Amino acid sequence: MFNFEHQTSINPKKENKKEKQSKEMDAEVVMVPYPAQGHINPAAALAESLTLHGLRVTLTTTISLSKTATFHHTSITIHPLSDGHEQVTQPETVEAYFARLKANLSRSLAAFLDECSQVKAVIYDSVMPWVLDIAHQRGLLGATFFALPCSVTAVYYHLRQGLLRFPYDQDSTVNLPALPPLRPHHLPSFARLDEPRFGVDLIGQQFDNLQRADWIFFNSFHTLESQVLDWMARLWPVKTIGPTYLILQKSKGLVSNHIINLFDPKQDEACRKWLDAKGSGSVVYVSFGSLACLRKEQMEELAHGLAMSNCPFLWVVRASEMDKIKNLDLEKGLIVEWCHQPQVLAHRAVACFLSHCGWNSTLEALSHGVPLVAMAQQYDQPINAMFVEDVWGFGIGVKAGEDGIVGREEIAMRIKQVVEGDEGIELKKNASKWKSLAHEAVEQGGTSATNIDEFVSALRKIE
Ligand code: UDP
């Protein structure tokens, strides 16, 4: 879900300046998510659930994002900081983007924290490890938040330690501590030798100061990743506190993780009505998240595969991708630019989720007991997809042809397997099992809920 791209934005909402400042000054926890939808959602859910414990929480965004985002009613305070985007006049390289983000956000975050008198801790996204020093220099505690599974983080750690030795033979098996055997195509594409080293360095940096972080949080839960967690616990005092989305849902009765929307789910009503008119367990929900861009040929195969499956489908095609499906036969489906994904997954009509296996989507599917057809694209997604299929057993992966395209027959067959076949019954059973375990983790006394309670108690003890 972490990406090497970035998103642009527009006008922050007007608020009474004095009122806003006093609220912010009062914050006891400042959260600093990486500015992308897949990182903001779990961080905002965590921030909101901390307010349910009586903590005052400010979540930072960037000025540029806050200009286009829509904000929903929330108990947290949102504070835009400059990431220097205002001065950008030319397209930037990925390296230039991250350098600018670090330089500008460091400065504006430091200035903001200097104005706050009550802050005790800063929770920051693990891909911005430099925030820890800014917190510590001000005598504040620093908690790193991994919006990724522990298993993927373990692979990244082994990569940093030099345990991955590219190039791998296509048929080889990669054995790493505490992980099931991996195939070369599961490994992060940015780690291949023919890719620039930038991605590896950037990902690697999150381990450099991990020993100094006061807390290490994962948006995951113990039973889901117990083996790798036990291994990890020998290195660092990691705490699982997820699914953060589910904590919020359970405590607030909300089926929502949309505190800050970078995309507009403006067809929500149409979506709901369309789903209401469908039979229980009949619909395939299709989404590739906020970043993935599929090739035009792949979109065409997908459209044909969906038609051949004979299932009604709800397909999220972001506005920037819409051109790729022009002139295709999409009669059986509803196409929307963005939807309220958790609400869709909670709908009785949804039988399966054809997903890129971004970590939030995976957790959201699991939290609703919805089985997956896993069609991973990049970054952490191939590992997530492998776990979904081989370890957690609540989904089936699709196989791409030699050209990297997943054909229409393959897509239709996998959908039918999940929706109609005997295998589908087993997948659904496993999805329900993980749903129960996820709910257990976030209920009072559950592993994730207890870890959050301990964090809150520790903060309360600080004068
Ligand atoms: N999402 C959504 N509506 C959509 C598609 C996605 O609300 O139409 C949300 C989804 O619920 C999830 C996030 O966007 O919380 C996507 O995160 P994920 O980690 O799955 O993928 P990424 O976008 O980071 O690749």
Side-chain angles (χ1 to χ4, degrees), residues 1-7 33-46 48 65 69-70 72 125-127 145-149 152-153 188-189 218-220 242-249 254-268 270-272 274-275 283-294 313-322 333-347 350 353-368 370 372 374-385 387-388 395:
M1 124 203 20
F2 165 71
N3 76 314
F4 300 132
E5 289 154 40
H6 54 276
Q7 301 175 13
Y34 175 77
Q37 190 75 70
H39 290 242
I40 291 172
N41 283 358
L46 172 61
E48 180 77 25
L65 275 191
T70 48
H72 287 259
D125 196 296
S126 63
V127 299
F145 177 61
F146 284 82
L148 286 178
V152 169
T153 306
S189 56
F218 275 90
N219 188 25
S220 188
T244 59
Y245 146 72
L246 196 57
I247 294 182
L248 197 55
Q249 182 194 310
L254 292 173
V255 185
S256 167
N257 59 352
H258 293 87
I259 292 168
I260 303 176
N261 264 316
L262 307 187
F263 303 86
D264 193 0
K266 55 179 179 256
Q267 294 136 297
D268 252 8
C271 249
R272 204 173 3 252
W274 186 87
L275 284 170
V283 169
V284 183
Y285 168 60
V286 186
S287 165
F288 293 86
S290 60
L291 301 161
C293 297
L294 275 62
F313 58 90
L314 169 60
W315 184 4
V316 178
V317 181
R318 297 190 313 276
S320 56
E321 297 280 283
M322 254 333 157
L334 175 69
I335 310 294
V336 294
E337 289 181 9
W338 194 251
C339 72
H340 205 124
Q341 181 163 297
Q343 276 176 12
V344 169
L345 290 171
H347 200 284
V350 172
F353 180 7
L354 195 161
S355 171
H356 70 315
C357 293
W359 187 231
N360 295 294
S361 295
T362 306
L363 283 178
E364 289 161 17
L366 169 164
S367 300
H368 289 286
V370 176
L372 295 177
M375 193 163 153
Q377 301 296 305
Q378 52 198 352
Y379 313 126
D380 56 318
Q381 299 152 20
I383 301 177
N384 300 342
F387 269 78
V388 163

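Start at 1 with the first residue, then count along the sequence. Everything numeric here is computed off the predicted structure, so don't read it as measured data. Side-chain atoms are counted along with the backbone in the values below, which use heavy atoms only and exclude waters and symmetry mates. Every number for a ligand or one of its atoms is a count from 1 in the order of the listing.
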Original post:
Do any heavy atoms of His356 fall under 4.0 Å from ligand 1?
Top reply: yes
Original post:
Taking only residues two or more places apart in sequence, or in another chain, which ones meet Phe313 in a ring-ring contact (aromatic ring centres under 6.0 Å, His included)?
Top reply: none
List the atom of [X], the atom of [Y], and the distance in Å for their closest heavy-atom pair.
| X | Y | result |
| --- | --- | --- |
| Cys357 | Leu372 | SG-CD1, 4.1 Å |
| Gln377 | Gln381 | N-OE1, 3.0 Å |
| Gly289 | Ser287 | N-OG, 3.1 Å |
| Ala365 | Leu345 | N-CD1, 3.8 Å |

Identify, by atom number and element, the atoms of ligand 1 in contact range of [X], meaning under 4.0 Å from any of its heavy atoms.
| X | result |
| --- | --- |
| Trp359 | 19 (O) |
| Cys339 | 2 (C), 3 (N), 4 (C), 7 (O), 8 (O) |
| Gly358 | 18 (P), 19 (O), 20 (O), 21 (O) |
| Gly38 | 17 (O), 24 (O) |
| Ser287 | 5 (C) |
| Gly289 | 23 (O) |
| Val316 | 8 (O) |

Original post:
Looking only at heavy atoms, is any part of Glu364 under 4.0 Å from ligand 1, and if so is it the side chain, the backbone, or both, or is it neither?
Top reply: side chain
Subject >> Contacts of Glu321 that satisfy side-chain hydrogen bond (donor to acceptor under 3.5 Å, both in side chains) - sequence neighbours left out >> reply: Lys324
Subject >> Min N/O separation His340 to ligand 1 under 3.5 Å >> reply: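 Looking only at distances, the answer is no, because the N/O contact criterion of under 3.5 Å is not met.
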Original post:
Does Gln37, backbone or side chain, put an N or O under 3.5 Å from an N or O of ligand 1?
Top reply: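 No, there is no polar N/O contact under 3.5 Å.
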**OP:** Between Tyr379, Trp338, Phe263, flag the one that comes closest to atom 14 (O) of ligand 1 by a heavy atom.
**Re:**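 It is Trp338 whose heavy atom sits nearest to atom 14 (O) of ligand 1.
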Original post:
Considering only heavy atoms from C-beta outward, does the side chain of Leu46 approach that of Phe145 to under 4.5 Å?
Top reply: yes
**OP:** Decide yes or no on side chain to side chain contact (heavy atoms under 4.5 Å, CB included) for Val316 and Tyr285, but give the supporting numbers first.
**Re:** CA-CA 8 Å; Val316 178; Tyr285 168 60; 3.6 Å; yes
